[in-house]
Each structure stands twice: as structure tokens, then as C-alpha cells.
Amino acid sequence: MALPPGQVVDLSKGWVDITEGMVLLVENAYFRDGSTTRAIADYIGTEKLALRAGRGGLTVTEHVPLPGRPAKQPPVVALFPEKERRRRQHRLYFQVVVDKASGKAKAVVLGAGSRGEMAALAARLTGKTVCAGGCTVFPEGSSVSLAMEIFVNGQPRTVLWGSTPKSVAGAQRTFTLRRGDKMMPTEAGALLPGDRIEW
């Protein structure tokens, strides 16, 4: 199914509204049970989760569990509760100081049922009030990346935000790029959700 043409997003604000065709990639690192530090010697692997934005919220499209994950360390799917994923509006903040005492900057996703509710939540995004409701704070040791769904030869593919047509086409010298109903130059800057590359 073709998506409406994506819109250029200003990432310099430090946040982005997640719209249809965007994908959140969440990875969480795991360490040996009983380890007191997050040293590389204690690192055992990661779990990955891909969440695609649609009209009904964020849907899990990929989950790669870590075999033998320590039972006391929560799975990556537990980091973003389903009730938060089902909200209609989402906004990703790349780094937010959640607790002034810790000084840690973490990724935060706000979830709301409407634009008005989102505006109210965003206005409270200070200090310890960040998670008064409708938000998910990702823990230290996890990363949240912005990606998007495009179509390559008619098949959906998830690529990182900022990917270019040539980075997707690889060694393929001749290809076309369509955005909505328009043919785009193949030297166009970054791809947008819903772009279609064919060869």
C-alpha cells in the first residue's frame, strides 16, 4: 500500500512527531546477571524492536529477542508498553533530562490521543513531571533511532532516517525515484517515508 508523500522533518528541534510511514528502532543492551557495571566484558548482546507508525498507533513489525537473556532484565518489548504504543499521536524526543539529580539524557516518546493532548504533555516536559502520563522513558543502555518505510521494487523496506536513494540502490546505476505521483531526481537529498525506488 502506497503512503502519502512524506514531509521533510526538522531534526534540529531535538524532537520529531512520528507520522505514518515512520519507524522507531529500539535496541537494548544486556549484561551478565550480577554484573555491577556496564563493562564490555559483561556485555552479552542486544534485543531489537521495530515499531511502524500507522493510524492506530505504533505496531511491532520486528522483534529480535536475545537467546538466554537474563530473566531479571526486562525484554525490549517491555520498555515500550502496548497501551502507550496504541495512542494515536507520538513524539520522539532524542534526549531529555528526566531526573535533574541523575543528569542522564534519555530518549523519551510522548503518546497522546489528540494534538491538543500532545501539546499539553509537551508543555509539561520539564524536570520530574515528564512522565506524569502518556510517556515512555527509555533506560540507559538502550537506543532509539528514527527510521522510515520506503518501497524498493514494490517491496517495503525499513531504512534509517537520512538514507539517500543511492545508499539504497547500492551498485545499481540506473533506477527511478517516485514521491507520491512525482518522479524525483535520483540525486535528491534524503529519502522520505513512502518513497518508491525501482530498477
Side-chain angles (χ1 to χ4, degrees), residues 1-29 45-66 74-96 105-113 115 118 121-122 134-139 141-170 175 177-180 184 188-198:
M1 176 180 96
L3 295 170
Q7 301 295 315
V8 176
V9 174
D10 179 7
L11 299 180
S12 68
K13 297 181 290 190
W15 57 267
V16 62
D17 284 322
I18 307 302
T19 58
E20 194 170 355
M22 289 184 174
V23 176
L24 290 181
L25 300 177
V26 182
E27 292 190 44
N28 195 54
T46 61
E47 285 192 351
K48 299 177 184 179
L49 183 67
L51 300 152
R52 183 187 178 282
R55 293 183 182 151
L58 295 168
T59 303
V60 175
T61 58
E62 182 181 19
H63 174 217
V64 181
L66 176 66
V76 70
V77 292
L79 300 181
F80 199 168
E82 186 177 351
K83 71 173 189 167
E84 295 299 329
R85 297 194 307 253
R86 284 195 308 248
R87 295 176 184 263
R88 297 184 70 184
Q89 307 272 325
H90 291 91
R91 179 176 290 176
L92 168 65
Y93 286 82
F94 301 109
Q95 292 184 320
V96 173
K106 303 175 183 182
V108 171
V109 175
L110 294 186
R115 289 183 181 174
M118 178 63 74
L121 283 171
C135 98
T136 301
V137 178
F138 290 91
S142 65
S143 68
V144 182
S145 304
L146 186 60
M148 71 188 99
E149 184 177 88
I150 63 168
F151 297 87
V152 179
N153 294 325
Q155 298 300 310
R157 184 184 296 183
T158 300
V159 297
L160 288 176
W161 200 267
S163 294
T164 63
K166 289 187 178 181
S167 70
V168 172
F175 60 92
L177 170 63
R178 290 186 181 276
R179 183 166 293 155
M184 302 293 290
L191 292 164
L192 291 175
D195 281 357
R196 299 190 309 277
I197 295 176
E198 295 179 349

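Starting from 1, each residue takes its place in the sequence as its number.
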Stepwise side-chain contact (heavy atoms from CB on, under 4.5 Å) test for V152 and V159: CA-CA 11 Å; V152 179; V159 297; over 6 Å; no
message: Could you walk me through whether E149 and R52 satisfy the salt bridge (Lys or Arg N to Asp or Glu O under 4.0 Å) test, starting with their C-alpha distance in whole Å, then the side-chain angles of each, then the deciding distance to 0.1 Å, before giving a yes or no?
response: CA-CA 8 Å; E149 184 177 88; R52 183 187 178 282; 3.2 Å; yes
task: Determine, step by step, whether V108 and F138 satisfy the side-chain contact (heavy atoms from CB on, under 4.5 Å) criterion, reporting the C-alpha distance in whole Å, the side-chain angles of both residues, the deciding distance to 0.1 Å, and the verdict.
output: CA-CA 6 Å; V108 171; F138 290 91; over 6 Å; no
- request: Dump the intermediate steps for side-chain contact (heavy atoms from CB on, under 4.5 Å) on L49 and L25, then the final yes or no.
  value: CA-CA 6 Å; L49 183 67; L25 300 177; over 6 Å; no
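Only one option out of V60, V144, V109 pairs with F80 in a side chain to side chain contact (heavy atoms under 4.5 Å, CB included); it is V109. When each of T164, L160, V168 is tested with L191 by the rule side chain to side chain contact (heavy atoms under 4.5 Å, CB included), just one qualifies, namely V168.
Atom CZ of residue R196 and atom CZ of residue F175 lie 15.0 Å apart, to the nearest 0.5 angstrom. Note that CE of M22 and CG of L192 are 8.5 Å apart. Values are rounded to the nearest 0.5 Å. Taking CZ of R91 as the reference point, atom CG of L121 lies at 9.5 Å (rounded to 0.5 Å). Between atom OG1 of residue T59 and atom CG of residue L51 there is a gap of 8.0 Å, rounded to the nearest 0.5 Å. A distance of 11.5 Å separates NZ of K166 from CG of L177, quoted to the nearest 0.5 Å. The line from CG of L110 to CG of D17 is 9.5 Å long, rounded to the nearest 0.5 Å.
Counting heavy atoms from C-beta outward, F151 and R157 have side chains that stay 4.5 Å or more apart. In this structure the side chain of V137 reaches within 4.5 angstrom of the side chain of C135, judged on heavy atoms. Side-chain contact between V76 and H63 is present, with at least one heavy-atom pair separated by less than 4.5 Å. Put simply, the side chain of L79 does not reach to within 4.5 Å of the side chain of T136, judged on heavy atoms.
Under a 3.5 Å cut-off, the side chain of E47 and the backbone N or O of L66 do form a donor-acceptor pair.
Salt bridge present: E20 and R55 bring a charged side-chain N and a carboxylate O closer than 4.0 Å. Between E62 and K48 there is no salt bridge, since no side-chain N of the basic residue sits under 4.0 Å from a carboxylate O of the acidic one.
The aromatic rings of W15 and Y93 are tilted relative to each other, their planes meeting at an angle between 30° and 60°.
The shortest non-hydrogen separation linking N153 to E198 is OD1-CA, 3.3 Å. The minimum heavy-atom distance between T46 and E27, with the atom names listed, is OG1-OE1, 4.0 Å. Taking every heavy atom of both residues into account, M184 and R179 meet most closely at CE-NH1, 3.3 Å. Closest of all the heavy-atom pairs between K83 and R87 is O-CG, 3.8 Å. The two atoms that bring N28 and P139 nearest to each other are OD1-CG, 4.2 Å, heavy atoms only. Nearest heavy-atom pair across G189 and P165 is O-CD, 3.2 Å.
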